[in-house]
> 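Starting off with a structure, shown below.
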Amino acid sequence: MDATIWTTARDARAWLDAANGRGDTELTCRILKIGEEAGEVAAAWIGLLGQNPRKGVTHTREEVAAELADVAFTALVAIESLGLDAHAVLAACAGKVRSRTGVGMNQDADADV
């Protein structure tokens, strides 16, 4: 992935630290924020399907994808907030998935995750 992602996740964590501190309550809020963002994904998907007859179709696939990206980025910031390297944690997760599924087993092991 682009290095900008990892730098921005670290910078966002530092910005939140400066604004809100680094205590357990703040960390809890950052972790709970992932759930809030996931709720926005659900709302966008419901809107894409037009499941609310009063509203009809209100979202596009691109909007759902943007909400999913918000979830992913919020999770990266939370990982950084735990004092861990989000890039390393995500790479380990990808390796776990790869070993379980065989997906990507023919790709270069040194490829950037």
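The figures here come from the full heavy-atom set of this structure, side chains too, leaving out hydrogens, waters and symmetry mates.
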> Are Val41 and Leu32 in one and the same hydrophobic cluster, where Ile, Leu, Val, Met, Phe, Trp and Tyr link if side-chain heavy atoms are under 4.5 Å apart?
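They do not share one cluster, since no chain of ILVMFWY contacts under 4.5 Å joins Val41 to Leu32.
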
> Search all heavy atoms of Leu76 against all heavy atoms of Ala9 and return the closest pair with its distance.
CB-CB, 4.1 Å

> Rounded to the nearest 0.5 Å, how far apart are CD1 of Ile79 and NE2 of His87?
12.0 Å

> side-chain contact (heavy atoms from CB on, under 4.5 Å) with Ile46: which residues, sequence neighbours excluded?
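Expected list: Gln51.
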
> Take Trp15 and Asp11, measure what side-chain contact (heavy atoms from CB on, under 4.5 Å) needs, and give me the verdict at the end.
CA-CA 6 Å; Trp15 176 72; Asp11 290 348; over 6 Å; no

> I'd like to check the side-chain contact (heavy atoms from CB on, under 4.5 Å) partners of Thr58; sequence neighbours left out, ordered by chain and number.
Lys55

> Hydrophobic clusters here meaning ILVMFWY residues chained together by side-chain heavy-atom distances under 4.5 Å, can you tell me if Leu84 and Leu27 are in one?
yes

> Considering residues at least two apart in sequence or located in another chain, which fulfil the side-chain hydrogen bond (donor to acceptor under 3.5 Å, both in side chains) criterion with Asn20?
Glu26

> Minimum heavy-atom separation for Ala78 and Ile31, please, with both atom names.
CB-CG1, 4.4 Å

> For residues 71-84, pull every pair meeting side chain to side chain donor-acceptor pair (under 3.5 Å), keeping only residues two or more places apart or in separate chains.
Arg30-Ser81

> For Val57, give me all partners under side-chain contact (heavy atoms from CB on, under 4.5 Å), at least two apart in sequence or on another chain.
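Partners of Val57 by the side-chain contact (heavy atoms from CB on, under 4.5 Å) criterion come out as none, since no residue qualifies.
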
> Would you list the pairs meeting salt bridge (Lys or Arg N to Asp or Glu O under 4.0 Å) in which at least one residue belongs to residues 62-76, sequence neighbours left out?
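Every candidate salt bridge (Lys or Arg N to Asp or Glu O under 4.0 Å) pair involving residues 62-76 fails, so no pair, neighbours aside, qualifies.
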
> Where do Ala12 and Phe73 come nearest, in terms of heavy atoms and distance?
CB-CE2, 4.3 Å

> Just verifying a value: how many Å separate Leu82 CG and Arg13 CZ, rounded to the nearest 0.5 Å?
11.0 Å

> Determine, step by step, whether Leu48 and Arg61 satisfy the side-chain contact (heavy atoms from CB on, under 4.5 Å) criterion, reporting the C-alpha distance in whole Å, the side-chain angles of both residues, the deciding distance to 0.1 Å, and the verdict.
CA-CA 7 Å; Leu48 177 110; Arg61 285 184 175 267; 3.7 Å; yes

> Verify the cluster assignment for Trp6 and Val77: are they in a single hydrophobic cluster under the rule of side-chain heavy atoms below 4.5 Å apart?
yes

> Just verifying a value: how many Å separate Glu36 CD and Cys29 SG, rounded to the nearest 0.5 Å?
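If I round to the nearest 0.5 Å, the distance is 10.5 Å.
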
> I need the minimum non-hydrogen distance between Ala38 and Val71, along with the two atoms involved.
N-CG2, 3.6 Å

